[in-house]
Asker: 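I have a structure here, written as structure tokens, and I will follow up with some questions on it.
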Amino acid sequence: MNNADVSMTSVENERQKKNGEDLRELLVTLRESEDRFDQQTRIFNTTLSAIADFIYIFDRQGKFIYSNQPLLDLLGIPLEEIIGKNFFELNYPADLAAKLQQQIQQVVDTKTIVRDETPFTSPTGESGFYEYIFSPVIGADGSVELVAGSTRDVTGRKQIEQTLLDSKEKFQDLANSISQFAWMTDREGWIFWYNKRWFEYTGTTLEEMQGWGWRKVHHPDHIDRVVKKFEQKLITGEEWEDTFPLRSKTGEYRWFLSRALPIKDKTGEIVRWFGTNTDIEDVRLAEEKLKEADRRKDEFLATLAHELRNPLAPIRSGLEIIRHSDYDKTVIAETIEAMERQTNQIVHLVDDLLEISRITQGKIFLKKERINLKNAVEMAVETSRDSITLNGQNLEIELPEKPVYIYGDFTRISQVLLNLLNNAAKYTEPGGKINLSAVINNNNVEIRVRDTGIGIPQDMLSTIFEMFKQVKNTCDQPGNGLGIGLSVVKSLVEMHNGSVEADSAGIGTGSEFTIRLPLSEDNSESLNTNTSAQNNDMQTNDNKKSPQYRILVVDDNADALEMMKFLLSMDNHTVHTACDGATAISIIPEFQPEICILDIGLPVMDGYELARLLREKIPGVLLIALSGWGQDEDRRRSKEAGFNHHLVKPVEIEKLQSIFSALGS
Ligand code: ADP
């Protein structure tokens, strides 16, 4: 080998050595870089696996190229097994896998993020919710190279959301189920919510009503006051309360009681107001009715006092006259006649009161039968004749030629007609005309009582049938009654399935009352109506002279006792008196009364107890209760105690006489 060869070899060696060093260096660098890559991959993997969320990457076909450990743990597979697989190959439910694959494709195609959620059931069987995001990873050429994804378990958040939704729904349900209207405003009073009832009542929408739109449904007479007060409370922060009318969708106004409470945050700042409107229309009406009833009751008591005092005054004067008459027979007879009229007036008033009390308590029972209207009219006319004649009025009766039959209570129908005739007489000037007529109209008979009297104002035509209702100024003369008669008429007519109405062209033009009553189903003449029985009811009893009896009268009112003794003695009865039960019992053995007339309200031993004892001691004795109480219940009790009759004070002597004569026959 020459020198040149030697030097060539050494250069070559040097070069090779250098190459070898370079290669080593390169290898070291490569290894180092590999190590760094490995390290970075490990760091990347460890970091991503430390996150509870699932982190993963797909290629453009939707095949996994990376998954962090939590997802691998969930699927129960190592990383190598997931790589290169899509959802279908990983046993995802088919519909979910299809949806996810389609969404990855969407990211690739549109380069946009997809965000969605899906329910899941955990391996331990609990259900929950995942929220996931698929994001495009854009490559150097601008197209989607990869799709990165992350999935988070949002079960907890969803539960909170659901709870909130539930409580919101519950609140809505509650707000819509209450009978009130409810609403909420912001701190400035701007209403942003109403419950359904508000819209149902007002027929409006939230768009119309929000903010201060509610002013539209307020009454123009009240709105300024309402707004002013509400604004004041918004400033002071005090609870708001007001009452005002609100217009309904049909246009009518009803009154509401309205309240609003300020709702405050933790720092005490008002954040909103919660308000309600409660319908108080019915309560207001009831209150008004109550006030009206109260007012009428006061009026009634005043009228009652007035009406009772009026006949009492001449009775008292009558007594004075008799005392100073030197027993002049003519003077006494005239005075007694006047006193009798006044007493009858009081009895009539008290009867009216008892009657209306029975009607309002539903204690009137009709004895219905087929009756001839003519008989009922005759009965009423007969009874009212006196007052009509006294007033010099002219009464005209016009009935259909053929008999008219109705199915009703004879006494009550007569009473109805009598009340109307009496009113006509009362409210018609002396010499005026009264007309009673009847016509058949379809299946009804229309009975009209017309007069030429003072008339009735138009606005009172329907209300005069209410109890204690009287036309002002027309009824302040004494003896005009208590405002009960027409209410009795209406009740009785309605109990007969009929109706009554009043008509008048106004004050001074006379009045007309029309009663409609259904005709009896068989209105033929052929049927025999028991008119004689009907008439008997109202006919005065025959005045057959009654025999004399031994009578014991018991009353704790000494005057009443003396009067009764006097009246009975005039008919030649033998009368003993006692002012209490014990005295009465002590008299019996010797006196052996055939008749006992007992007051009920006696001291110590009342009339019922005394009656029982008397009945025991003298079984055949006739017991007559004489009481201030005449209700059905009182009659029932006296019957139970053994009384044969129950008479109401003041009793007419004729009534006693008729009982005595019946005893003798
Ligand atoms: P009273 O006559 O006892 O006051 P009513 O109930 O019978 O009570 O009548 C009620 C009111 O109706 C009377 O007070 C009177 O104002 C009015 N009224 C009744 N009938 C007539 C009539 N025929 N003409 C004018 N007003 C009448």
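Numbering of ligands and ligand atoms starts at 1, following listing order.
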Asker: Hey, is the main chain of G506 close enough, under 3.5 Å, to the side chain of T509 for a donor-acceptor pair?
Answerer: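 Such a contact is found between T509 side chain and G506 backbone.
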
Asker: So which atom in V439 and which in R448 form the shortest heavy-atom distance, rounded to 0.1 Å?
Answerer: CG2-NH1, 4.1 Å

Asker: Is the cationic atom of R370 (NZ for Lys, CZ for Arg) positioned less than 6.0 Å from the six-membered ring centroid of Y407 and within 45 degrees of its normal?
Answerer: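 Not satisfied by the 6.0 Å and 45° rule.
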
Asker: Can you list the ligand 1 atoms lying under 4.0 Å from a non-hydrogen atom of K426?
Answerer: 1 (P), 2 (O), 3 (O)

Asker: Please confirm whether the ring centroid of Y201 lies under 6.0 Å from the ring centroid of F256.
Answerer: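 Ring centres of F256 and Y201 closer than 6.0 Å.
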
Asker: Check D451 against ligand 1 and report side chain, backbone, both or neither, counting heavy atoms closer than 4.0 Å.
Answerer: side chain

Asker: Heavy-atom pairs closer than 4.0 Å: do any link ligand 1 to the side chain of I456, the backbone, both, or neither?
Answerer: side chain

Asker: Please state which option from P457, G510, G483 has its nearest heavy atom closest to atom 8 (O) of ligand 1.
Answerer: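 It is G483 that holds the nearest heavy atom.
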
Asker: Should you measure from each heavy atom of G485, which atoms of ligand 1 turn up under 4.0 Å away?
Answerer: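 So the atoms of ligand 1 that pass are 5 (P), 6 (O), 7 (O), 8 (O).
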
Asker: Under 6.0 Å between ring centres: does that hold for H218 and F244?
Answerer: yes

Asker: Compute the centroid of each ring, for H219 and then for W255, and state whether the two points are separated by less than 6.0 Å.
Answerer: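 H219 vs W255: aromatic centres not under 6.0 Å.
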
Asker: Which ligand 1 atoms does L486 reach within 4.0 Å, using its non-hydrogen atoms?
Answerer: 5 (P), 6 (O), 7 (O), 9 (O), 10 (C), 12 (O), 19 (C)

Asker: Of the listed options (K490, Q470, E512, K469), which comes nearest to atom 10 (C) of ligand 1 when hydrogens are ignored and any heavy atom counts?
Answerer: K469

Asker: With sequence neighbours excluded, tell me which residues meet side chain to side chain donor-acceptor pair (under 3.5 Å) with K368.
Answerer: none

Asker: L482 versus ligand 1: do any nitrogen or oxygen atoms come within less than 3.5 Å of each other?
Answerer: yes

Asker: Heavy atoms only, cut-off 4.0 Å: how does F513 contact ligand 1, side chain, backbone, both, or neither?
Answerer: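 Just the side chain.
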
